[in-house]
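So the structure is just underneath, and the comments pick up after that.
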Amino acid sequence: MDRLSSYLLPTEKEDPADAEALSHRLMVRAGLIRQLGAGFWSWMPAGWRVHNRVTSIIREEMEAIGGLEMLMPVLMPAEPWIKTGRHDIPELFRLKDRKSADLVLAMTHEEAVTTHAAQLIRSYRDLPLILWHMQIKERDEPRPRAGVLRTREFIMKDAYSFDRDEAGLAESYEKHVVAYDRIFDRCGIEWYRVESDVGMMGGSAAHEYMAPCAAGENEVALAPGYAANVEIATAQAQAVDLAASSTEPAKVATPGLTTIEQVSASLGLPAGGLLKAVPVMAGGTFTVAVVRGDHRLNEIKFANAMGVDVRQATADEIEQNLGPAGSIGPVGTDVPVVLDSAVSAEHDYVVGANEADTHLSGVRPGRDFSFTQADIRSVEAGDLVGGQPITIEPAIEVGNIFKLGTRYSEALGANFLDESGRQQPIVMGSYGIGPARIAAAAVEQRGSDRGIDWPASLAPWDVQVLALGKSDSRELEVATRIAQDLQDAGAEVLLDDREASPGEKFADADLVGCPIRLTVGRKGLEKETVEVQVQGAEKTDIALATAGSEVAAIWKSLS
RNA sequence: CGGGGCGUGGCGCAGCUUGGUAGCGCGCUCGCUUUGGGAGCGAGAGGUCCUCGGUUCGAAUCCGAGCGCCCCGACCA
């Protein structure tokens, strides 16, 4: 049992001055976390209890799928990072020791675990294997934000699977799907498993676990039976009324009109009747990506579809290859054009003429310019998947699972001998979870201005017992006895035994947000009752004599 | 990296325009009263006004440089 009179729970009446996100404000106000610098956060005692509850759930489920817990260092030699080509990632903290040896602070542990695998795994008989640990990660983030949502140092559960082939990897991957589904369910947060980008470095499949909430940094596209990160989501575009057919393009004067909105308003056309030409450098080649005027280019989908790295072209590169920005287009140029799949080759569009203050109308893809077609746009809310409109929601990434393949095992020489004595690279997967983000997501999803409303499985304590009245009063004596009964029944209990006014105790209890609150006050004691408030339910009075066992029963029914 | 904002007791803020004794609320300490929704009265403690440099008789205030923090965007293996 924890007694508030001798605990450190630094609650605040007011929001921290610079906090915006709900979870940031509430976790500070409830005395759970404190900041040490940009992206550096300490967990105060009550907050650490929450973190520990999350990690306990993760540990149980990782053990349930046969994962072996270990611990690898944060500070490590740079060499394996050089070998895997990740030593130059801007987010990686690099440093030297007193002998000038190159070291790094690990931002994840593929390099470390694969180095061990290379030493220790010899035979197919050693496989499959799942190794994991709960360890600090260091990342030099360009912009830490929103309390513990994006920090430069954080604890991550990262697991790595080792298999002899793709079929084995598929099994290990599926085990993690099962474990992760259970972890996020048990943590009591709302979540989606979404398809996600595998990145330029390969890998055959990846999913992210996303917790929807206002402070989310990612966007997920959702429809019945469909969930994907907007980075890779694909859907059927909404129809648009298109211009009547023409025989050839015609110049249209558009003085001073450079945006899609201006041009479409001026011509009385829907934005979808225009084509937007986005100049990019694709694998070093100047290329024009063309999407409908009401759509946006998705650089990740473009890169995945074309199999090259992509970035926006600079003003100089545009000027050099096409003409003035603001009215660029695909007609009459020999620059390669990638046309989005939502653009019809059967209809006419308005495009920039590569000439100042001029557009072309009646332009038909194929007839008037040649192109490669691919799905390169970001989906929009209302687009269809399986005939159902999608919605787009912000979400926090709380976990991810990734089929790595042999990228790391090949780079670091992690091989095994198969039955025929042939050396093969180990097929790997990696699987991460951010416990701090789970806690923050729970606060985002269930918090209010008044305080946090923890899921029963994550609350810092199961029951908070408020002893109103003075410290030598019968209230405290009774409250202490009930708190002891509850603890004996297995509950984790916080007893507010401070010399403080009732209002202050209620306000702090609201902030901390335990699933059960028990109030022992004079009003109740006169009737030989105490007041119980279960999260989301009305207050009720229960008999003093049986309070301990009754509340214990309620507590058990919650978990 | 681009844009915007902010740095004054533990927390939230005013003061800066127009230079002249550093203030308010909360919190904290002590005493008395009070105890079912952040109590009342009284007495106190606590500040290199982010740092450095400049202007000035005199700088929280004006000027310059730097540092730190927040928000938006870009980025995020």
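Note that these values count all heavy atoms, side chains included, but never hydrogens, waters or copies made by symmetry. Lettering of chains follows the sequences in order, A, B, ..., and the numbering in each one begins at 1.
- Pairing partner, B/rC1: B/rG73, with both Watson-Crick or wobble hydrogen-bond distances short of 3.5 Å.
- Classified by interplanar angle (parallel below 30°, tilted 30° to 60°, perpendicular above 60°), the ring pair A/H51/A/W43 is perpendicular.
- The residue A/R25 sits apart from the nucleic acid: no heavy atom pair falls under 4.0 Å.
- Within 3.5 Å, no donor on the side chain of A/R145 pairs with an acceptor on the base of B/rC71, nor the reverse.
- When each of B/rU35, B/rG37, B/rC76 is scored by its nearest atom to the side-chain atoms of A/D510, the top-ranked nucleotide is B/rG37.
- In terms of modelled atom types and a separation under 3.5 Å, the side chain of A/R94 and the main chain of A/H87 share a donor-acceptor contact.
- To the nearest whole angstrom, the two P atoms, one in B/rG68 and one in B/rC50, are 16 Å apart.
- Figure legend. B/rG58 is base-paired to no nucleotide; pairs are counted as Watson-Crick or G-U wobble with both atom distances under 3.5 Å.
- The 5' end of RNA chain B is approached more closely, in terms of each residue's nearest nucleotide, by A/R34 than by the other of A/K13 and A/R34.
- Comparing A/G39 and A/L511 against RNA chain B, the residue whose closest nucleotide sits nearer the 5' end is A/L511.
- The gap from the C1' atom of B/rU61 to that of B/rG20 amounts to 11 Å, rounded to the nearest Å.
- B/rG64 is paired with B/rC52 under the Watson-Crick or G-U wobble criterion, all donor-acceptor distances under 3.5 Å.
- Here B/rC75 presents its C1' atom at 9 Å from CZ of A/R150, a figure rounded to the nearest Å.
- Checked by atom type, the side-chain pair A/N400/A/H207 shows no donor-acceptor distance below 3.5 Å.
- Taking the P atoms as reference points, B/rC32 lies 47 Å from B/rC6, given to the whole Å.
- Phosphate proximity of B/rC70 to A/R143: absent, as no side-chain N or O sits under 4.0 Å from OP1 or OP2.
- B/rU8 and B/rA14 have their P atoms separated by 11 Å, given to the nearest Å.
- Distance A/E20 CD to B/rC6 P: 14 Å, rounded to the nearest Å.
- Here the separation of B/rC16 from B/rU21, taken at their P atoms, is 13 Å to the nearest Å.
- In this structure, A/A500 reaches the bases: a heavy-atom distance under 4.0 Å links it to at least one base atom across the strands shown.
- Remark: side-chain polar atoms of A/Q533 are not paired, donor with acceptor, to backbone N or O of A/R517 under 3.5 angstrom.
- In this model, a side-chain donor or acceptor of A/E531 finds a partner on the base of B/rG36 within 3.5 Å.
- A/G37 comes within 4.0 angstrom of sugar-phosphate atoms only, judged by non-hydrogen atoms across all strands, and of no base.
- In this structure, A/E111 atom CD and B/rA77 atom P are separated by 14 Å, rounded to whole Å.
- Computed from coordinates, the A/R522 CZ to B/rU34 P distance equals 11 Å when rounded to whole Å.
- At a threshold of 4.0 angstrom between heavy atoms, the contacts of A/Q35 are confined to the sugar-phosphate backbone, with no base atom among them.
- Atom-to-atom, CG of A/L36 to C1' of B/rG68 comes out at 13 Å; the value is rounded to the nearest Å.
- In this structure, the CZ atom of A/R152 is 14 Å from the C1' atom of B/rC76, given to the nearest Å.
- In the set B/rG37, B/rC76, B/rC71, B/rG37 carries the atom at the smallest distance from any side-chain atom of A/F506.
- For B/rG19 and B/rC63, the C1' atoms lie 13 Å apart once the distance is rounded to whole Å.
- Out of B/rA77, B/rU35, B/rG12, the shortest distance to the side chain of A/A17 is found at B/rG12.
- Taking atom C1' on both B/rU33 and B/rC70, the two are 44 Å apart, rounded to the nearest angstrom.
- When each of B/rA77, B/rC75, B/rG38 is scored by its nearest atom to the side-chain atoms of A/S501, the top-ranked nucleotide is B/rG38.
- Searching all strands for a Watson-Crick or G-U wobble partner of B/rU35 with both distances below 3.5 Å returns nothing.
- Atom CD of A/E504 and atom P of B/rC11 are 18 Å apart (whole Å).
- A donor and an acceptor atom, one from each side chain of A/R86 and A/Y408, are located under 3.5 Å apart.
- Searching all strands for a Watson-Crick or G-U wobble partner of B/rG23 with both distances below 3.5 Å returns B/rC13.
- To the nearest whole angstrom, the two P atoms, one in B/rC41 and one in B/rC26, are 9 Å apart.
- At the heavy-atom level, A/E14 lies under 4.0 Å from base atoms of the strands shown.
- A/W454 places a side-chain N or O within 3.5 Å of a backbone atom of A/V512 that can act as its donor or acceptor partner.
- Defined by atom type and a distance below 3.5 Å, a donor-acceptor pair is present between the side-chain atoms of A/S5 and A/D497.
- In summary, the side chains of A/E110 and A/T114 do not present any donor paired with an acceptor at a separation below 3.5 Å, with no hydrogens or angles considered.
- A centroid separation of 6.0 Å or more is found between the aromatic rings of A/Y180 and A/W191.
- Comparing B/rC70, B/rA74, B/rG37 by their closest approach to the side chain of A/D18 singles out B/rC70.
- A/A146 comes within 4.0 angstrom of sugar-phosphate atoms only, judged by non-hydrogen atoms across all strands, and of no base.
- With hydrogens and angles ignored, a donor-acceptor pair closer than 3.5 Å exists between the side chain of A/D508 and the base of B/rG38.
- Look at B/rC28: its Watson-Crick or wobble partner, with both distances under 3.5 angstrom, is B/rG44.
- Residue contacts shown for A/E499 include a base, since a base heavy atom lies under 4.0 Å away.
- The distance from atom CG of A/L525 to atom P of B/rU35 is 15 Å, rounded to the nearest whole Å.
- Distances were taken from every side-chain heavy atom of A/E12 (C-beta onward) to each of B/rA77, B/rG37, B/rC11; the shortest belongs to B/rC11.
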